[in-house]
There are 2 protein chains.
Amino acid sequence: MYRIAVDIMSGEKDESELIAGALKALKEDKEIELTLIGEYDIISEELAKTDYDSKRLKIENADEIITMDESPIKALRKKKNATVNVGAALLKKSEVDAFISPGNTGSVMAAGLLRVGRIKGVSRPPIAIQFPAAEGSTLVLDNGANTDCSPENLQQFALMGQLYAKNVMKIENPKVALLNIGEEKTKGNNLSKESYQVLSDDPRIKNFIGNVEGRDIFSDKVDVVVTDGFVGNVVLKTTEGAASFFLDLIKESFKTNLRSKIAAFLIKPYLKKVLKKIDYRQYGGAPLLGVNGIVIISHGSSDSTAIYNAVKTAKKTVKEDIVELIKVELEKNEELE
Amino acid sequence: MYRIAVDIMSGEKDESELIAGALKALKEDKEIELTLIGEYDIISEELAKTDYDSKRLKIENADEIITMDESPIKALRKKKNATVNVGAALLKKSEVDAFISPGNTGSVMAAGLLRVGRIKGVSRPPIAIQFPAAEGSTLVLDNGANTDCSPENLQQFALMGQLYAKNVMKIENPKVALLNIGEEKTKGNNLSKESYQVLSDDPRIKNFIGNVEGRDIFSDKVDVVVTDGFVGNVVLKTTEGAASFFLDLIKESFKTNLRSKIAAFLIKPYLKKVLKKIDYRQYGGAPLLGVNGIVIISHGSSDSTAIYNAVKTAKKTVKEDIVELIKVELEKNEELE
């Protein structure tokens with residue numbers, strides 16, 4: 001059984017919406033057991049309205065949430081019974097195998113780091129996000145957990161990203177690259193020049209292809225892109241911004257006149273497929289790699305589809321035992337030092 | 001008269017294509033005088049095919065180019081008669097008011113810095129690029145000239161960007177912001193935290209609105225976005241990558257079947273307007289701000305439209321005397337120190 005806990009209360013959407021996503025996953029997959037974390041009364045009231053396999057579902061009461069504008073670490077200390085504290089505690093005690101939360105990213109991260117703890121040999125756990133690419137997707141890490149990084153941090157991101165791409169995303173011999181502003185190894189800032197050397201010298205990174213640029217993320221040239229959390233987060237938000245800007249322009253152009261409206265009507269079903277391809281919800285959350293348990297950070301605006309997919313991602317990640325794989329690979333770091 | 005030199009030989013496109021763009025601008029605007037830089041024979045042969053106002057056009061022979069894969073500074077020293085050396089020399093001697101080149105970005109930059117020189121008070125000239133936004137456009141700087149920056153560098157970018165936005169882009173009281181990964185002033189990496197303080201303390205930055213995120217570049221929330229050249233260049237290339245990825249998906253969806261093909265036929269003219277909006281060519285090149293003359297860096301793949309627009313941008317920039325404005329504003333830096 002794969003035991004997955006879902007924080008259904010700290011996202012932007014209603015609890016009922018998030019519970020619906022979790023229940024859909026529960027119904028489809030008999031190998032999972034769910035723990036819903038949130039206010040007991042709200043959850044049980046919601047569950048009473050529907051049919052589900054109660055033997056595979058528990059409720060864990062948590063009556064506080066950490067809001068988007070709270071300082072994560074302070075709030076984590078003050079609100080003992082916040083959903084993220086409760087979820088991290090379950091993971092720490094091995095009562096669940098994975099914990100999913102769409103709450104304040106900083107608070108989920110802090111709960112992972114402080115309550116669950118890092119794997120030996122991992123200095124700074126990164127947030128790993130899948131970006132859509134021509135075929136499949138590209139894993140980019142870090143996406144905001146660590147704003148100032150050393151070459152050794154990036155080296156660890158590369159090792160963990162490689163393991164995740166190979167085992168969870170099922171990419172054979174994943175191509176790993178450093179995000180830079182040119183392909184030559186002499187390009188970039190101090191961090192990227194030093195990191196290039198460290199990454200290319202590490203024999204554990206099997207398929208290091210050197211530097212890639214921002215545009216390559218969306219191509220099939222690379223599978224794992226390594227960068228510091230500041231740049232990674234800028235990339236993420238720039239991508240979101242560019243996509244929604246472009247989409248708005250297209251929608252606007254469809255409204256021009258009768259002719260364009262007819263075109264819009266005709267193309268709608270095909271455009272939907274395009275939108276699905278670039279929809280973050282299909283990837284269902286980003287793992288915080290390198291903590292001693294599976295922590296999945298979902299988008300704040302996650303709906304039932306996003307939560308459904310996050311549960312699927314969590315199961316895959318537990319099944320492939322990514323924590324153990326990282327332990328084996330990264331503990332070598334300690335020995336090397 | 002506005003005297004503008006155009007390097008028509010070091011771009012990726014044919015000389016004839018680039019000359020056509022320059023001649024179009026010459027024909028339309030009687031206030032400009034052009035100097036075409038490149039191999040004399042090629043240019044005169046091309047000019048012989050067409051009608052133009054020969055009193056307002058000169059040829060300046062340059063028989064070498066610096067290719068995209070050459071090391072800029074070495075090549076600049078070795079190839080004395082390279083287009084970028086010739087253009088920078090004309091600017092230095094005040095024989096022209098502006099110099100446009102679609103060549104190797106590093107070489108145009110180095111020619112600007114080494115041959116034309118910096119304005120007193122400017123430590124690191126940034127490349128300023130206009131990104132499309134819902135209404136108008138947003139100026140982002142630096143886009144790759146300076147990979148590792150100090151808060152004082154970013155402060156200078158803000159001051160120069162503000163002047164350019166106000167005087168050339170004609171934005172009243174431009175909103176200036178720092179690119180970051182959250183809006184709170186405590187967010188970000190060391191550079192952004194320190195820079196926030198420096199920018200908000202500088203009374204010359206009239207309308208500092210604090211931090212913005214990558215997605216805000218495409219909105220009307222901000223007019224001038226300041227960041228280091230590494231992050232700026234990643235933003236630029238990520239935007240290009242996301243836009244072309246999205247566009248490919250849409251084109252693909254149009255090919256699905258007869259219905260989608262009819263829709264494509266109907267929507268084509270309206271979609272063209274969308275594409276124009278996000279077409280880098282409309283902005284016609286990016287100024288290298290802070291050098292002692294107008295240097296415009298155009299895209300390597302610039303065609304006649306891009307060169308035509310670059311000439312228009314160059315004229316506006318000369319007309320508003322941006323170099324003098326930067327001198328007056330930035331020389332105060334020296335006094336402050």
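Proteins come first, then strands; the chains are lettered A, B, ... in the order of their sequence lines, and each starts at number 1.
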Of B:Thr238, B:Thr227, B:Val235, which meets side-chain contact (heavy atoms from CB on, under 4.5 Å) against A:Val234?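 Considering B:Thr238, B:Thr227, B:Val235, a side-chain contact (heavy atoms from CB on, under 4.5 Å) with A:Val234 is found only for B:Val235.
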
Where the side chain of B:Asp148 meets the backbone of A:Asn190, is there a donor-acceptor pair that is under 3.5 Å apart? yes

Atom of [X], atom of [Y] and distance for their closest heavy-atom approach:
X	Y	value
A:Thr147	B:Gly188	OG1-O, 3.4 Å
A:Ser253	B:Val274	CB-CG2, 3.7 Å
A:Ile181	B:Lys237	O-NZ, 3.0 Å

Please classify the contact between A:Ser192 and chain B as side chain, backbone, both or neither, with a heavy-atom cut-off of under 4.5 Å. side chain

Name the region of A:Asn257, side chain, backbone, both or neither, that has any atom closer than 4.5 Å to a heavy atom of chain B. side chain

Between [options], who has the most heavy-atom pairs with chain A when the cutoff is under 4.5 Å?
options	result
B:Leu179, B:Thr186, B:Asn233, B:Asp69	B:Asn233
B:Leu249, B:Asp228, B:Ile262	B:Leu249
B:Leu247, B:Asp248, B:Leu191	B:Leu247
B:Leu271, B:Thr239, B:Thr256	B:Thr256

How about [X]: does its [atom1] atom have over 12 heavy atoms from other parts shown lying under 6.0 Å from it?
X	atom1	value
A:Lys185	NZ	no
B:Lys79	NZ	yes
B:Lys175	NZ	yes

For chain B, the option from A:Leu266, A:Asn146, A:Val231 that forms the most heavy-atom pairs under 4.5 Å: A:Leu266

Which one of A:Phe245, A:Phe265, A:Phe254 has the most heavy-atom pairs closer than 4.5 Å to chain B? A:Phe245

Would you call A:Tyr270 and B:Ile250 a side-chain contact if the rule is heavy atoms closer than 4.5 Å?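 Not in contact.
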
Please examine the side chains of B:Asn180 and A:Phe230, heavy atoms only from C-beta on, and report whether any two atoms are closer than 4.5 Å.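 Sidechains of B:Asn180 and A:Phe230: in contact.
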
If contact means a heavy atom pair closer than 4.5 Å, which residues of residues 214-223 of chain B contact chain A?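 Residues in range: B:Gly214, B:Arg215, B:Phe218.
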
For chain A, which residues from residues 127-144 of chain B lie under 4.5 Å away (heavy-atom distances)?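 Under the 4.5 Å heavy-atom cut-off, B:Pro132, B:Ala133, B:Ala134 qualify.
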
For the atom pair NZ (A:Lys268) and CZ (B:Arg259), what is the distance rounded to the nearest 0.5 Å? 10.5 Å

Relative to chain A, which segment of B:Leu236 carries a heavy atom at a distance below 4.5 Å: side chain, backbone, both, or neither? neither

